[in-house]
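Here's the structure, in structure tokens; my notes come after.
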Amino acid sequence: MAQNYWILKSEPSVFSIEDLASRPDQTEGWDGVRNYQARNYLKDGMNKGDAILYYHSSIKEPAIVGLCSVVREAYPDTSAWNPDSAYHDPKSIPEKPIWFQVDIQLKEIFTYPVYLRDLKKNPLFQDMILLKRGNRLSVLPASATHFHAILKMAGIKNKR
DNA sequence: GCCAACGTTGGC
DNA sequence: GCCAACGTTGGC
């Protein structure tokens with residue numbers, strides 16, 4: 001099965017890539033996705049081993065800041081049926097979960113983040129979904145071309 | 001802090 | 001099932 005490439009967005013004030021780095025095994029369940037399209041990407045698109053670009057949003061200099069991978073495929077997001085959770089959604093119940101999460105593991109924090117500003121300057125990324133006006137999805141697919149170009153910009157040697 | 005874009009909700 | 005109102009996202 002071909003490897004897929006994804007972009008996950010997070011506000012660093014909520015959960016940053018440094019937070020991920022501090023987790024046991026540098027692994028965390030990616031819960032709280034409450035958008036159907038994003039959920040479908042998570043649930044139906046993501047396979048174990050897929051590569052993830054980690055994006056910091058809603059800050060002065062939005063940027064792709066690191067590389068992760070999917071270490072566990074979709075399973076029910078239990079925060080949905082926890083009334084104390086900010087992600088509580090009474091429509092989702094254990095017998096019939098609506099929302100799902102995957103587990104991701106940090107591979108690398110970029111020494112040189114790839115800034116949104118720089119992606120916009122480069123014609124190669126013209127049609128990238130991340131740059132589309134009005135795009136608000138927190139889970140996005142990325143093309144192999146864009147993925148590899150971004151790693152190159154980050155100074156990461158192609159490996160694996 | 002502003003505002004455009006978009007998704008969701010709810011009245012009809 | 002339409003659509004206005006509202007809430008949220010996220011770049012600037």
Side-chain angles (χ1 to χ4, degrees), chain A residues 4-23 28-46 50-70 74-104 106-143 145-155:
Chain A
N4 293 316
Y5 305 99
W6 306 95
I7 296 170
L8 286 185
K9 284 190 207 168
S10 182
E11 293 190 33
S13 60
V14 177
F15 191 80
S16 70
I17 200 164
E18 288 80 16
D19 293 328
L20 179 60
S22 72
R23 289 295 191 268
E28 178 78 348
W30 201 256
D31 63 358
V33 171
R34 294 293 178 269
N35 171 288
Y36 284 97
Q37 203 179 339
R39 180 208 64 180
N40 292 344
Y41 284 136
L42 274 187
K43 181 169 168 289
D44 306 326
M46 278 194 187
D50 282 0
I52 293 169
L53 296 168
Y54 198 103
Y55 179 83
H56 277 172
S57 69
S58 294
I59 48 173
K60 194 177 281 182
E61 309 233 281
I64 295 166
V65 293
L67 178 65
C68 306
S69 73
V70 178
Y75 59 101
D77 179 348
T78 58
S79 69
W81 51 71
N82 174 7
D84 296 328
S85 169
Y87 303 123
H88 180 230
D89 181 358
K91 291 197 299 298
S92 185
I93 55 172
E95 293 73 31
K96 204 168 186 252
I98 296 176
W99 305 115
F100 291 80
Q101 63 179 314
V102 296
D103 287 352
I104 69 167
L106 181 65
K107 290 284 182 195
E108 187 145 6
I109 295 181
F110 294 162
T111 308
Y112 305 103
V114 178
Y115 293 101
L116 180 63
R117 167 170 33 90
D118 293 326
L119 292 177
K120 286 190 160 174
K121 279 195 297 211
N122 189 334
L124 180 65
F125 300 107
Q126 234 172 18
D127 60 345
M128 195 180 188
I129 307 175
L130 181 68
L131 306 191
K132 286 266 156 62
R133 186 176 166 79
N135 147 61
R136 306 188 319 178
L137 277 186
S138 60
V139 181
L140 293 170
S143 72
T145 308
H146 290 155
F147 175 79
H148 288 111
I150 286 163
L151 285 198
K152 199 172 170 189
M153 288 167 77

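Residue numbers start from 1 in every chain, and the chains themselves are labelled A, B, ... in the order their sequence lines are given, proteins ahead of strands.
Classified by interplanar angle (parallel below 30°, tilted 30° to 60°, perpendicular above 60°), the ring pair A:W99/A:Y36 is tilted.
Screening A:L42, A:D50, A:N4, A:L8 against A:V70 for a side chain to side chain contact (heavy atoms under 4.5 Å, CB included) leaves a single residue, A:D50.
Distance A:E61 CD to C:dG11 C1': 12 Å, rounded to the nearest Å. One interatomic measurement links the two molecules: CG of A:L119 to P of C:dC12, which rounds to 11 Å at whole-angstrom precision. Regarding A:K60, its NZ atom lies at a distance of 14 Å from the C1' atom of B:dG1, rounded to whole Å. As rounded to whole Å, 8 Å separates atom P of C:dG11 from atom NZ of A:K120.
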Atom pairs under 3.5 Å: protein N/O with N/O of nucleotides 6-10 of chain C:
from, atom 1, to, atom 2, distance (Å)
C:dG7, N2, A:R136, NH1, 3.3
C:dT8, O2, A:R136, NH1, 2.3
C:dG10, OP1, A:K9, NZ, 2.9
C:dG10, OP1, A:R136, O, 3.1

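Rounded to 10°, the helix from B:dG1-C:dC12 to B:dC12-C:dG1 has 10° between the axis fitted to its first five pairs and the one fitted to its last five.
Within the 3.5 Å criterion, the main-chain N or O of A:Q101 finds no donor-acceptor partner in the side chain of A:D77.
Other residues, nucleotides and ligands contribute more than 12 heavy atoms inside 6.0 Å of the OH atom of A:Y75.
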Which pairs would a plain distance check flag for residues 12-21 of chain A, meaning a side-chain donor or acceptor within less than 3.5 Å of a matching protein atom at least two apart in sequence or in another chain?
from, atom 1, to, atom 2, distance (Å)
A:S16, OG, A:E18, N, 3.3
A:S16, OG, A:E18, OE1, 3.2
A:S16, OG, A:D19, N, 3.1
A:S16, OG, A:D19, OD2, 3.3
A:D19, OD2, A:S16, N, 2.8

Report, one line per pair, each donor and acceptor closer than 3.5 Å where one atom sits in a side chain of residues 116-124 of chain A; sequence neighbours left out.
from, atom 1, to, atom 2, distance (Å)
A:R117, NH2, A:E61, OE1, 3.2
A:R117, NH2, A:E61, OE2, 3.0
A:D118, OD1, A:K121, NZ, 3.2
A:N122, OD1, A:L124, N, 2.9

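Between A:K132 and B:dA4, a side-chain N or O to OP1/OP2 separation shorter than 4.0 Å is absent.
Applying the salt bridge (charged side-chain N to carboxylate O under 4.0 Å, His left out) definition to pairs two or more places apart or across chains, those involving residues 82-103 of chain A are A:D89-A:K91.
Take A:N35 and apply the side chain to side chain contact (heavy atoms under 4.5 Å, CB included) test, not counting sequence neighbours, and it matches A:Q37, A:A38, A:L137.
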